[in-house]
**Student:** 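If you scroll down you'll find the structure; I have some questions about it.
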Amino acid sequence: REQFAQQPPHPFDLTSLQIEAYRTVRIQPKETLEIAQDLYTSGYISYPRTSSQQLPPSIGYKRIMGDLSKQPAYKELAAQLLKGQLVPRNGKKTDPAHPALFPTGIEPKHLDGRPQKVYDLIVRRFLATFAPAAMRENQTVNIMVGPERFVTQGARTTFKGWHAFYGPFLRLKEVELPKIAEKDSLA
């Protein structure tokens, strides 16, 4: 068994938003950009055409979290983060003109379908960047059957950390193996 910390994701730049929207909800990159542009012009998110993965303190983390905590879908998650120190896990990519994508805190009115999914993805990624690391455990079992070696592997989350904030967009396989000790005999 091997335990390791899985660090929270970096804030979205446009490219990583497009990749994640396609990977998780199958929205094409061009449509993701169009939706993000509409969300921006409506005042719900920051400028989407950015290559930055950094959220500067000047955007007002606490204010945005406070505003998100007034939205029913994010109330508990934002409130949980407000109890601690707000420090995002910034990425390396910077854009001097614009910070990474973030929700403004203004609650969208009448969003549904694909725009709602993209907005939810942006908000949850924003929240996840402030959350603690998740703890995962990998287990590898070597089984000898005569001279033949068989290997099986399992993985599970032992502490949710940022996984709890990213929710429906998290794609991890949980494969829990039974408790096995060295030299155990198996049927």
Side-chain angles (χ1 to χ4, degrees), residues 2-25 27 29 32-33 35-36 39-40 43-71 73-108 116-138 155-174:
E2 176 185 80
Q3 288 226 352
F4 65 96
Q6 188 179 40
Q7 296 302 317
H10 301 299
F12 278 137
D13 60 11
L14 176 59
T15 303
S16 59
L17 169 65
Q18 290 172 311
I19 291 168
E20 194 72 352
Y22 184 75
R23 185 184 71 81
T24 59
V25 289
I27 299 175
T32 299
L33 175 58
I35 291 169
L39 292 171
Y40 167 67
Y44 304 140
I45 66 168
S46 64
Y47 186 68
R49 288 181 171 93
T50 179
S51 58
S52 178
Q53 293 179 319
Q54 297 192 3
L55 295 170
S58 61
I59 67 169
Y61 309 145
K62 194 169 190 171
R63 180 199 52 80
I64 294 170
M65 287 292 178
D67 290 345
L68 289 173
S69 71
K70 295 172 188 164
Q71 297 182 32
Y74 312 111
K75 182 178 183 172
E76 291 178 23
L77 298 173
Q80 188 177 339
L81 290 172
L82 280 167
K83 293 176 186 173
Q85 188 177 1
L86 295 176
V87 179
R89 181 170 180 260
N90 286 325
K92 291 180 180 172
K93 294 181 2 182
T94 63
D95 179 343
H98 304 285
L101 268 160
F102 62 90
T104 60
I106 297 170
E107 184 172 3
Q116 176 59 43
K117 288 178 182 176
V118 172
Y119 177 75
D120 190 40
L121 177 60
I122 292 167
V123 172
R124 287 180 176 276
R125 181 65 161 250
F126 175 79
L127 295 171
T129 64
F130 290 92
M135 292 302 294
R136 300 268 295 159
E137 180 182 80
N138 286 337
R156 67 187 184 104
T157 302
T158 58
F159 173 70
K160 285 190 173 190
W162 67 270
H163 294 180
F165 296 83
Y166 210 49
F169 303 106
L170 186 66
R171 299 284 193 256
L172 286 175
K173 277 193 172 182
E174 297 284 326

**Student:** If only atom types and distance count, is the side chain of Tyr40 paired as donor or acceptor with the main-chain N or O of Arg49 below 3.5 Å?
**Tutor:** no
**Student:** If I take atom OH from residue Tyr166 and atom CG from residue Leu77, how far apart are they, to the nearest 0.5 angstrom?
**Tutor:** 13.5 Å
**Student:** Is the shortest heavy-atom distance from the side chain of Asp120 to the side chain of Tyr74 under 4.5 Å?
**Tutor:** yes
**Student:** Ignoring hydrogens, what is the shortest heavy-atom contact between His10 and Thr129? Give both atom names and the distance.
**Tutor:** C-CG2, 3.6 Å
**Student:** For the side chain of Arg125 and the backbone of Phe12, is there at least one donor-acceptor N/O pair under 3.5 Å apart?
**Tutor:** no
**Student:** Nearest heavy-atom pair of Pro8 and Ala128: which atoms, and what distance?
**Tutor:** CB-O, 3.3 Å
**Student:** Start with the C-alpha gap between Phe130 and Met65, add the side-chain angles, then the distance that decides, and say whether side chain to side chain contact (heavy atoms under 4.5 Å, CB included) holds.
**Tutor:** CA-CA 10 Å; Phe130 290 92; Met65 287 292 178; 3.4 Å; yes
**Student:** Nearest 0.5 angstrom please: Leu33 CG to Ile27 CD1, how far?
**Tutor:** 12.5 Å
**Student:** Test your reading of the model: is there a side-chain donor-acceptor pair from Arg124 to the backbone of Phe165, 3.5 Å cut-off?
**Tutor:** yes
**Student:** Would the number of heavy atoms belonging to other residues, nucleotides or ligands and lying under 6.0 Å from CD of Glu76 be above 12?
**Tutor:** no
**Student:** Where does the angle between the aromatic ring planes of Phe126 and Phe102 fall among parallel (under 30°), tilted (30 to 60°) and perpendicular (over 60°)?
**Tutor:** tilted
**Student:** Compare every heavy atom of Ile45 with every heavy atom of Tyr119, then report the nearest pair and how far apart it is.
**Tutor:** CD1-CG2, 4.2 Å
**Student:** Would you check, one step at a time, whether the test side chain to side chain contact (heavy atoms under 4.5 Å, CB included) holds for Val87 with Tyr61?
**Tutor:** CA-CA 9 Å; Val87 179; Tyr61 309 145; over 6 Å; no
**Student:** Please report the interatomic distance CD(Gln54) to NZ(Lys93), rounded to the nearest 0.5 Å.
**Tutor:** 11.5 Å
**Student:** Should Pro108 and Gln71 count as side-chain neighbours, where that means a heavy-atom distance under 4.5 Å?
**Tutor:** yes
**Student:** Side chains of Arg23 and Phe169: closer than 4.5 Å at any heavy-atom pair?
**Tutor:** no
**Student:** Looking at Arg136 and Glu174, is there a salt bridge between them, counting it only when a charged N and a carboxylate O are closer than 4.0 Å?
**Tutor:** yes
**Student:** Is a donor on one side and an acceptor on the other found under 3.5 Å between the side chain of Asp13 and the backbone of Thr50?
**Tutor:** no
**Student:** Heavy atoms, side chains only, cut-off 4.5 Å: are Ser46 and Leu101 in contact?
**Tutor:** yes
**Student:** What heavy-atom pair brings Ser52 and Pro99 nearest, and what distance separates the two atoms?
**Tutor:** CB-C, 3.8 Å
**Student:** Of the non-hydrogen atoms in Lys70 and Glu107, which two are nearest, and what is the gap between them?
**Tutor:** O-OE1, 4.3 Å
**Student:** Rounded to the nearest 0.5 Å, how far does CD of Gln3 lie from CD of Glu137?
**Tutor:** 5.0 Å
**Student:** Does any part of the side chain of Asn90, heavy atoms only, come nearer than 4.5 Å to the side chain of Leu55, both counted from C-beta?
**Tutor:** yes
**Student:** Under a 3.5 Å distance rule, please check whether Thr32 uses its side chain to pair with a backbone N or O of Ala21 as donor and acceptor.
**Tutor:** no
**Student:** How long is the straight-line distance from CG of Leu68 back to CG of Leu81, given to the nearest 0.5 Å?
**Tutor:** 9.5 Å
**Student:** Taking atom CG of Leu17 and atom CD1 of Ile35, what is their separation to the nearest 0.5 Å?
**Tutor:** 9.5 Å
**Student:** Answer yes or no: is there a donor N or O on one side and an acceptor on the other, between the side chain of Arg63 and the main chain of Thr104, under 3.5 Å?
**Tutor:** yes
